[in-house]
Amino acid sequence: MPPVTPELISPRSARVLAARRLARRNFRGKERLFLAEGPQAVREAAAHRAAGGDATLVELFATPEAAERYADIVGEARTAGARVHLAPEDVVADISTTVTPQGLVGVCRFLDTPFEEILGARPRLVAVLAHVRDPGNAGTVLRCADAAGADAVVLTDASVDLYNPKAVRASVGSLFHLPVAVGVPVEQAVAGLRDAGVRLLAADGAGEHDLDDELDKGAMGGPTAWVFGNEAWGLPEETRALADAVVRVPIHGKAESLNLATAAAVCLYASARAQRASGGCRSVTAN
């Protein structure tokens, strides 16, 4: 079990500076490392293993107070083989990208899965993030996909960086739970999933198909991939045209629209329920 290293007195420590640089995308890509902050993310990182068996968590910075409060997590990090550094609060805050750090910051290996492996697993429910630029929304959709029991998430090459600290935080640990492919051109994602027998549904508020109608017709029980677009302007016409159907979530009240993460949750849960139903499925959006 690796020993706890001496306290890092200075924010200019080489280890601290290396961790701080991971807040920038170019350094994350170069080192293939990213930051995971807070007890939930660090616990999940410590438990996660890459396909080859390597531990995902390679380093942990903790304040003495956090190390005492979350002694079980620190122990799990050590068991995973991570180097554990006790550091003053200002040093950990210097690494953190949050306004109110929780005293734990982990350095993790990239964990994305090749798209071909996702296809080879014959997925039944997939979330495809096409043109999603907001990291908070991307992380939240990933969390929704995890909660709905999706088999995978695909981020196209036009979407935000999976390892953006805001995306990692918004996933609340779900990043470590299911396969995620990154940088896949949307045409390749659609073609690959369709060849794998997956129906492609584009989620769009102006879609010609109503989600309730699709459920009532019993059309949602097969393998499905939902394609979600940009938060502000949705999916471009060329992406909509690639889908088997463009589906809208019905608005029964007076709300102008649903935000991306809410719409994604409704769509993914609709598919999850239909796939699990033995005798049809009632509307999940009816009042």
Side-chain angles (χ1 to χ4, degrees), residues 113 115 118-119 121-132 134-156 159-160 162 167 170-182 184 186 189-190 193-194 196-205 207 209-231 234-235 239-240 242-252 255 257-277 280-286:
T113 299
F115 183 52
I118 288 175
L119 296 178
R122 310 299 292 182
R124 287 186 53 81
L125 183 57
V126 180
V128 179
L129 279 63
H131 314 283
V132 174
D134 181 85
N137 275 331
T140 303
V141 173
L142 200 158
R143 183 183 182 188
C144 292
D146 180 22
D151 298 298
V153 173
V154 177
L155 275 76
T156 71
S159 288
V160 70
L162 171 67
S171 79
V172 196
S174 288
L175 170 64
F176 302 99
H177 294 167
L178 73 172
V180 183
V182 301
V184 184
V186 65
V190 169
L193 288 164
R194 183 173 285 125
V198 178
R199 185 184 183 213
L200 276 296
L201 300 180
D204 194 288
H209 298 273
D210 184 283
L211 179 60
D212 280 354
D213 292 341
E214 293 293 302
L215 286 163
D216 292 341
K217 288 188 301 185
M220 301 285 292
T224 302
W226 282 98
V227 183
F228 303 108
N230 184 271
E231 302 81 0
L235 289 166
T239 301
R240 288 163 51 103
L242 295 172
D244 296 307
V246 183
V247 181
R248 68 182 182 274
V249 176
I251 303 293
H252 299 303
S257 64
L258 295 173
N259 65 28
L260 172 63
T262 302
V266 172
C267 293
L268 291 165
Y269 267 94
S271 287
R273 182 177 179 183
Q275 290 177 356
R276 286 165 172 76
C281 179
R282 293 180 301 165
S283 167
V284 296
T285 62

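- The main-chain N or O of A245 is never found under 3.5 Å from a side-chain atom of R199 such that the two would form a donor-acceptor pair.
- Nearest heavy atom pair, residue A261 against residue C144, reads O-SG, 3.9 Å.
- The line from CG of L200 to OG1 of T239 is 11.0 Å long, rounded to the nearest 0.5 Å.
- Counting heavy-atom neighbours within 6.0 Å of R240 CZ, excluding the residue itself, gives a total above 12.
- Atom CG of L260 is separated from atom CG of N137 by 5.0 Å, given to the nearest 0.5 angstrom.
- T156 pairs in a side-chain contact (heavy atoms from CB on, under 4.5 Å) with only one of the listed residues (V128, V190, V182), which is V128.
- The minimum heavy-atom distance between D134 and V160, with the atom names listed, is O-CG1, 4.3 Å.
- Looking only at distances, no side-chain donor or acceptor of D244 sits under 3.5 Å from a matching main-chain atom of L201.
- Listed here is the closest heavy atom pair of A189 and V154: CB-CG1, 4.3 Å.
- We find the CZ-CG distance between F176 and L142 to be 10.5 Å, quoted to the nearest 0.5 Å.
- A salt bridge links D210 with R248; the closest basic N to acidic carboxylate O contact falls under 4.0 Å.
- Panel note: side chain T224, backbone G222; a donor-acceptor pair is recorded below 3.5 Å.
- The distance from the CG atom of L193 to the CZ atom of F115 is 4.0 Å, given to the nearest 0.5 Å.
- Contact detail for P250 and D212: the closest heavy-atom pair is CG-OD2, 3.6 Å.
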>> Evaluate C267 against V249 for side-chain contact (heavy atoms from CB on, under 4.5 Å), listing each step before the verdict.
In response: CA-CA 8 Å; C267 293; V249 176; 3.7 Å; yes
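- Looking at every heavy atom in both residues, V132 comes nearest to F228 through CG2-O, 3.8 Å.
- Using a distance-only test at 3.5 Å, with no hydrogens or angles considered, a donor-acceptor pair links the side chain of D151 to the main chain of L125.
- In this structure, the separation between CG on N230 and CG on L235 is 9.0 Å, given to the nearest 0.5 Å.
- Side chain of S171 to backbone of R143: no donor-acceptor contact under 3.5 angstrom is found.
- Here the closest non-hydrogen pair linking G221 and R124 is O-NH2, 2.9 Å.
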>> side-chain contact (heavy atoms from CB on, under 4.5 Å) for I118 and V153? Distances and angles first, verdict last.
In response: CA-CA 9 Å; I118 288 175; V153 173; over 6 Å; no
